[in-house]
Protein chains: 2
Amino acid sequence: MNDPSDRAVESQAAHASHHKILEVAEMLFARRGFSGVGVREVAETAGLSKSSLFHHFRNKVELYEAVLARVLARIEDRLSPTLSDDERCRERLDRWIDALIDALAEHPTTARLLLRALFEDDDRPSEPSAAGKDLQATLGRIIEGLTGILAAGVEQGVFRAVSSAHTVQTVIGATVYHFASGDFGAELCGGSLVARDAVRQRKREVKALFHHGLAAVPAGAGAGGAT
Amino acid sequence: MNDPSDRAVESQAAHASHHKILEVAEMLFARRGFSGVGVREVAETAGLSKSSLFHHFRNKVELYEAVLARVLARIEDRLSPTLSDDERCRERLDRWIDALIDALAEHPTTARLLLRALFEDDDRPSEPSAAGKDLQATLGRIIEGLTGILAAGVEQGVFRAVSSAHTVQTVIGATVYHFASGDFGAELCGGSLVARDAVRQRKREVKALFHHGLAAVPAGAGAGGAT
DNA sequence: CTGCCGTCCGACCGATCGGTCGAAGCTCGA
DNA sequence: TCGAGCTTCGACCGATCGGTCGGACGGCAG
């Protein structure tokens, strides 16, 4: 599923509308959430009628899941190459965060959509659909990547002794929320070169924050967290 | 249900239904968001009919804003005493995060509701209602508190030279997302004593993370973030 | 007892929701 | 030229949306 030929044919064959709908839906769902967007709005923004949209996607949740799947796949594509290279956990963590930020900054909508999906899936408790399971699996794989890096770091004594499972939530939450947050999204929507610089600066800051925050304290720094 | 003090009279005068509605609405809005909850559901869960609810709140957004105002006030109550005491920024940061986590852990719904409100307000671009402005102001005050702590720390050389405005987003995002995240919310909803311990552990971890992450690097640690 | 007032409710409103259906137009191979 | 097979669409469906209205119930001062 990597040859440019196959995928191009696949994506192209399923006419342009399909793609356009997904793009529009991604933007709208990111902005107003699943319940806040009507299929009519999606369809007409994409340039066709509601009935036509239902010809491409059986129902609303299938459309939503398709959007989510695309976004998650995009993120996983960015993240997967950071998992296998060397064994130095600090660099791996840096690269992982780097890749996540790149993925989030790629489209300004991604962070918001992901943030919603990450803690909104509890909304629909009864959706054991195949696609839903697939999304869950992809998300699990992504999270597992970071968990592995953190756990390895802790085990090797490179990171402080933190609960890697909890820390994953903190890191992802910080990063995703950071890029979902209002003014930055606005910046990204508007500017382009300016936004590039902003991304780079924030990337550096976020990376450094966790780099230092997780590093096994080099002793001497008497900053005990006792309260 | 807790304090028999002066404020209780105030809340009590505006009959029990009012309070019950707010509680139910907070839970539902936290779970499914503004658009995902109908006033009918709120009303009937609170034990009355839709028309009766509209006797207490003029419309849905007023109800939503009331819920948000209550939550924000609760958070501000916790956060305000951390702003004035001493001048040691690291301790102030610790206490601020402490208080935020306490506020978030108080009710399991708080984090989700806040997380939604924090980046969903862009959904309704045209709501310059008085109450809306008030919410924005309260939120601004809260954020300003952390911004001040960070800025002071950077100025004094206690923290690394980070953009305090951006770091605020990271800290708040990490914390709020952390407590909004699925399994933990579930834990909190169910258990009580176990949850207490979990809160304490996570509090320690989150605090330590930012404590170390923001601390001015004690030199010698050659962890340049260059890529 | 009689009004008054705050609470509650059933009935109802127009609008919109997600979704279906059948008929048009389209291209393209036979 | 003729269907076959997509895609698109308008019309329509029942359900639900947020919100209104007028009246019923109950306590309380006169």
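These figures come from a predicted structure and were not determined experimentally. Excluded from the calculations below are hydrogen atoms, water molecules and symmetry mates; all remaining heavy atoms, backbone and side chain alike, are included. Numbers restart at 1 for each chain; the letters A, B, ... are given by sequence-line order, proteins then strands.
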[X] [atom1] to [N] [atom2]: how many Å, rounded?
X	N	atom1	atom2	answer
Phe34(A)	dC17(C)	CZ	P	13 Å
Lys50(A)	dT16(C)	NZ	C1'	9 Å
Leu48(A)	dC9(D)	CG	P	6 Å
Glu44(A)	dG10(D)	CD	P	9 Å
Glu62(A)	dG18(C)	CD	C1'	14 Å
Leu28(A)	dC17(C)	CG	P	12 Å
Leu53(B)	dC17(D)	CG	C1'	14 Å
Phe54(B)	dC13(C)	CZ	C1'	13 Å

Taking atom types as modelled, is there a side-chain donor on Glu26(B) or Thr109(B) under 3.5 Å from an acceptor on the other?
yes
Kindly say if [X] contacts the phosphate of [N], meaning a side-chain N or O under 4.0 Å from OP1 or OP2.
X	N	result
His55(B)	dC8(C)	no
His56(A)	dT8(D)	yes
Ser52(A)	dT7(D)	no

Looking at Leu68(B), Leu113(B), Val24(B), which one forms a side chain to side chain contact (heavy atoms under 4.5 Å, CB included) with Phe29(B)?
Leu113(B)
I want to check something: taking the side chain as every heavy atom from C-beta on, are Val162(A) and Leu150(A) in contact at a cut-off of under 4.5 Å?
no
Is the closest side-chain heavy-atom distance between Arg70(B) and Leu22(B) below 4.5 Å?
yes
Among dG19(D), dC9(C), dG19(C), find the nucleotide with the atom closest to the side chain of Ser49(B).
dC9(C)
With the side chain of Ser51(A) defined as its heavy atoms from C-beta on, choose the nearest nucleotide among dA11(C), dG19(C), dT20(C).
dT20(C)
Starting at the 5' end of DNA chain C, which residue's closest nucleotide do you reach first, Arg40(A) or Arg58(A)?
Arg40(A)
For the residue pair Phe210(B) and Phe210(A), categorise the inter-ring angle as parallel (less than 30°), tilted (30 to 60°) or perpendicular (more than 60°).
tilted
Classify Val42(B) by what it touches in the nucleic acid, base, sugar-phosphate, or nothing, heavy-atom distance under 4.0 Å.
nothing
